[in-house]
Amino acid sequence: MSDVDEILNGAAFHLLLFSVGGICFGAETGQVTEIAVYNGEKGEDLFWFHEEMGYAGKTVTYQSPVIVTIKSGTASPYRVIIDSMEDITEFSQSDITLFPPLLEPFVLRRGLWGLLPQQERIVLLLDFQRLLREKSAGKSI
Amino acid sequence: MEQSEEPLKSELILNELKKRQRTKDVVDVEEERVKVIFFTCGENRYAFYGTDIREILPASDISWVPGLPDYLPGLINVRGDIESVIDLRYFLGEEKGDHLKHLIAMAVRGDFHSGVMIDSIEDVIDIPVSAIGPPLATLNGAARDLVIGAIEYDAKTIPLLGVGKLANLITI
C-alpha cells in the first residue's frame, strides 16, 4: 500500500508548521531533507519563501528564518528560507478541507493544495515539490 | 310574521368584502413578486435577488492567501465551512475599502457559492417582477457585465446585479 493510500485510509501524516508574514503554512515533512538556521548566506539555489509564493506588494519581515532543503528530484537542491517554524504535528486526512473551487486554480499554481482550519486560523497546506514544478514550468514557457 | 326578503345589511357587507378579497387574490396571483436586497458598495447602491443571498455575515477577518488576484481577497471560516470572498468593488469600479469594515453577503446560485464583500444593507423588500426594468444603457465598464436589470427605488434607479453573471465573470 502506498503512502497516499495509507493517508487516504486514515493514516496520520506529519506536517512542518511555519508562518511567513503572519500566514501559517503546513508542509509534509517527507519532502524536507534538512532544516538549518539561516545565517545570511546567499546562493543561486536559495530562495526567500515570500518571493517564491508571490507576496505581491506585501512587506514581509522574517523573525527567525531557517532554511529548509526540499527533495527536488534533480541534482541541485531546492532550498527555501522560511520563518517562525512552529512544530511538526500529526494530522489525518479527515482534518483536511479543500480550497473553495473558485480559488483552487490560482492556489495550485503556488503549490497550495488544501486547508487545515484551526480554532483561530487557517493553515495553508503547501506542496514544495509542486511549487518547484510550477516554477520550472513557468520558466520554460 | 313574514320575514322581509330584503338582504340583511351585514350580508351585503360580507358579500362585498368577499368579492373584494377574491379580486385581491386574483391580483396577488397575477402579480408575481420577488425579494430584492438593496445594499451599498463604495459610493453607490445596488441590488441582488434575495434568493441569491443565503445570509449576511458581519465583518470578519479574511485570511489572505498568496497567489490570488486582487478581486479575491481570501478565505473566511463560516461555522467550520471555508468560503472564498469576492471584492465586488473591483468589478463595479468603486474605490478599494477596508476589509475589516465590510459585511459579507453569502451568494449562492447553482454550484456557485462565495462570500461577496458589501458595505451595508439598505433594505430588503418584495417587489412585483414587473418593477424590474432592463439594465440602463448608460452603464459602462465592468459593472455592465454584472447588471441584469434596474429597479426604481427611493426615487433612484438601482442596478440589479446577477450572481450568475458574477460567477461567469470569475470562473471563465
Side-chain angles (χ1 to χ4, degrees), chain A residues 18-27 47-60 80 82-83 94-128 130-135 137-138, chain B residues 52-55 57 59-88 90-91 95-100 104-117 145-146 162-172:
Chain A
F18 61 96
S19 301
V20 177
I23 312 296
C24 189
F25 297 87
F47 304 94
W48 288 95
F49 183 81
H50 70 284
E51 290 177 0
E52 292 294 275
M53 295 299 287
Y55 275 45
K58 288 202 181 280
T59 308
V60 179
V80 184
I82 62 169
D83 194 26
S94 61
D95 298 320
I96 301 171
T97 300
L98 300 179
F99 270 96
L102 208 55
L103 306 191
E104 197 174 62
F106 300 104
V107 295
L108 282 175
R109 287 181 214 148
R110 302 287 176 183
L112 298 171
W113 61 277
L115 301 161
L116 280 174
Q118 295 187 322
Q119 279 186 340
E120 296 293 324
R121 64 183 185 180
I122 299 171
V123 178
L124 309 180
L125 298 183
L126 171 67
D127 182 339
F128 271 114
R130 184 175 190 122
L131 175 65
L132 179 62
R133 198 175 69 190
E134 294 286 339
K135 185 177 151 179
Chain B
D52 289 343
I53 304 298
R54 191 178 67 198
E55 63 180 316
L57 302 168
S60 60
D61 275 344
I62 298 173
S63 302
W64 181 76
V65 177
L68 296 181
D70 286 346
Y71 56 84
L72 294 172
L75 301 166
I76 51 167
N77 189 336
V78 185
R79 297 180 292 275
D81 290 329
I82 306 298
E83 299 281 3
S84 52
V85 179
I86 299 168
D87 188 350
L88 202 52
Y90 180 91
F91 298 102
E95 271 189 36
K96 212 170 176 179
D98 183 352
H99 288 180
L100 292 173
I104 309 279
M106 284 308 305
V108 179
R109 190 171 182 87
D111 291 338
F112 174 84
H113 55 98
S114 178
V116 177
M117 285 165 55
D145 298 330
L146 288 181
V163 168
K165 283 207 160 196
L166 179 63
N168 289 339
L169 208 59
I170 288 175
T171 49
I172 286 173

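All heavy atoms count here, side chains included; hydrogens, waters and symmetry mates do not. Keep in mind it's a predicted model, so treat the numbers as computed, not measured. Letters go in sequence order (proteins before strands), and every chain restarts at 1.
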Taking CD in E95(B) as the centre, count heavy atoms belonging to other residues, nucleotides or ligands within less than 6.0 Å. Is the count above 12?
no
Minimum heavy-atom distance between I23(A) and W64(B), given as atom pair plus value:
CD1-O, 3.7 Å
Between R110(A), K58(A), R109(A), H50(A), which has the largest tally of heavy atom pairs under 4.5 Å with chain B?
K58(A)
Is L115(A) close to chain B through its backbone or its side chain, or both, or neither, when contacts mean heavy atoms under 4.5 Å?
side chain
Among L126(A), V20(A), L124(A), V107(A), side-chain contact (heavy atoms from CB on, under 4.5 Å) partner for P66(B)
L124(A)
Turns out that what part of L103(A) lies under 4.5 Å from chain B's heavy atoms comes down to both
What pair of heavy atoms forms the shortest contact from S84(B) to P100(A), and how long is it?
N-CG, 3.5 Å
Interatomic spacing from CD1 in I122(A) to OG in S63(B) - rounded to 0.5 Å
4.0 Å
Listed by chain and number, what are the side chain to side chain contact (heavy atoms under 4.5 Å, CB included) partners of P69(B), not counting sequence neighbours?
F106(A), Y71(B), L72(B)
In this structure, CZ of R121(A) is separated from CG of D61(B) (nearest 0.5 Å) by 14.0 Å
Residues at least two apart in sequence or cross-chain that pass ring-ring contact (aromatic ring centres under 6.0 Å, His included) with F25(A), listed by chain then number, are F18(A), F49(A)
